[in-house]
Amino acid sequence: MNLKILEYPNKILRQKSVKVEKFDTTLHEILDAMYPIMMNTNGIGLAGIQVGIAQEILILNIPDEDGEQPKENLLEIINPIISNKQGETTYQEGCLSVPEFYEDINRFASITVNYQDRNGNTQHLEADGLLSIALQHEHDHLNGILFIDKLTSSRRRKFEKEYKKLLKEKKAAK
Ligand code: QAP
Ligand code: CO
């Protein structure tokens with residue numbers, strides 16, 4: 001499967017993803033294709049819609065204490081439902097679909113996630129720290145929401161200006 005990362009302002013990123021119903025070979029091929037894309041671009045999380053697949057799929061590989069991302073730590077999360085949102089935390093987020101831009105974003109500190117794995121089995125996860133933040137960020141993608149949508153309007157305008165300049169520079173370099 002030949003997938004590539006869609007970048008803002010691509011409108012596809014605004015699509016709402018639909019629930020996965022078939023836990024078949026096609027789903028496994030999508031998941032298997034997403035993993036190297038995430039790793040090769042230095043990502044820690046990637047949602048299906050970021051590679052043009054509007055299904056409730058996300059993968060996460062949070063670095064450990066040594067900054068390593070062994071494949072054993074890969075989480076494949078299908079049809080997630082977030083509950084028990086508690087506390088508040090701020091983290092400087094980025095996104096593979098909004099390259100080279102990072103900004104502080106407020107999230108819930110801890111959450112509970114019910115989801116299905118690649119075989120359709122029900123799973124349950126209690127998350128805090130970076131995993132909780134990453135899950136909320138990726139879950140937003142399933143609703144067509146980007147982290148830049150959470151900026152104050154003045155910060156958002158500054159982002160749009162900076163990002164347009166970056167896009168122009170990129171085009172000129174091609
Ligand atoms: C989402 O983001 C996330 O701009 C995953 O040039 C972000 O993997 C979860 C990346 C923050 C938790 C906290 C971004 C790589 C990777 C870039 C990513 C870039 C290269 C972003
Ligand atoms: Co993202």
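Whatever order the structure lists ligands and atoms in, that order sets their numbers, starting from 1. In this chain, numbering begins with 1 at the start of the sequence shown.
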Option passing salt bridge (Lys or Arg N to Asp or Glu O under 4.0 Å) with E103 (candidates R156, K158, R155, K150):
R155

For atom 7 (C) of ligand 1, what is the closest protein heavy atom, and at what distance to 0.1 Å?
G94 O, 3.2 Å

Are side-chain N/O atoms of T25 and E29 paired as donor and acceptor at under 3.5 Å?
no

Examine the proximity of ligand 1 to T41 and report which part, side chain or backbone, both or neither, has a heavy atom under 4.0 Å away.
backbone

Kindly identify the option in Y102, F101, Y91 whose heavy atom sits closest to atom 17 (C) of ligand 1.
Y102

Under 4.0 Å from any heavy atom of A134, which atoms of ligand 1 are there?
9 (C), 12 (C)

Under the salt bridge (charged side-chain N to carboxylate O under 4.0 Å, His left out) rule, what do R14 and D149 come out as? Steps first, then yes or no, please.
CA-CA 11 Å; R14 297 308 189 177; D149 301 343; 2.6 Å; yes

Please evaluate residues N79 and Q116 with respect to the criterion side chain to side chain donor-acceptor pair (under 3.5 Å), reporting the C-alpha separation (whole Å), side-chain torsions for both, the decisive distance (0.1 Å), and the verdict.
CA-CA 6 Å; N79 302 335; Q116 286 168 288; 2.8 Å; yes

Hey, are K164 and E160 close enough for a salt bridge, meaning a charged N less than 4.0 Å from a carboxylate O?
no

What is the ring orientation for Y163 with Y8, classed by angle as parallel under 30°, tilted 30 to 60°, or perpendicular over 60°?
perpendicular

When you group the ILVMFWY residues by side-chain heavy-atom contacts below 4.5 Å and let the links chain together, are L142 and F23 in the same group?
no

Nearest heavy atom to atom 1 (C) of ligand 1: which of E7, E93, E138 does it belong to?
E138

Does L125 share a hydrophobic cluster with I82, counting links as ILVMFWY side-chain heavy atoms below 4.5 Å and allowing steps through other members?
yes

Should you measure from each heavy atom of G45, which atoms of ligand 1 turn up under 4.0 Å away?
5 (C), 8 (O)

shortest atom 18 (C) of ligand 1-to-protein heavy-atom contact is with I44 N, 4.0 Å

Taking the Co ion (ligand 2) as the apex, H141 NE2 and H137 NE2 span an angle, rounded to 10°, of 110°

Output yes when the distance from some N or O of ligand 1 to some N or O of L96 is under 3.5 Å, and no in every other case.
no

May I ask you to list the atoms of ligand 1 that are less than 4.0 angstrom from any heavy atom of P99?
4 (O)

Atom 4 (O) of ligand 1: which of Q136, E100, H141, H137 has the nearest heavy atom?
E100

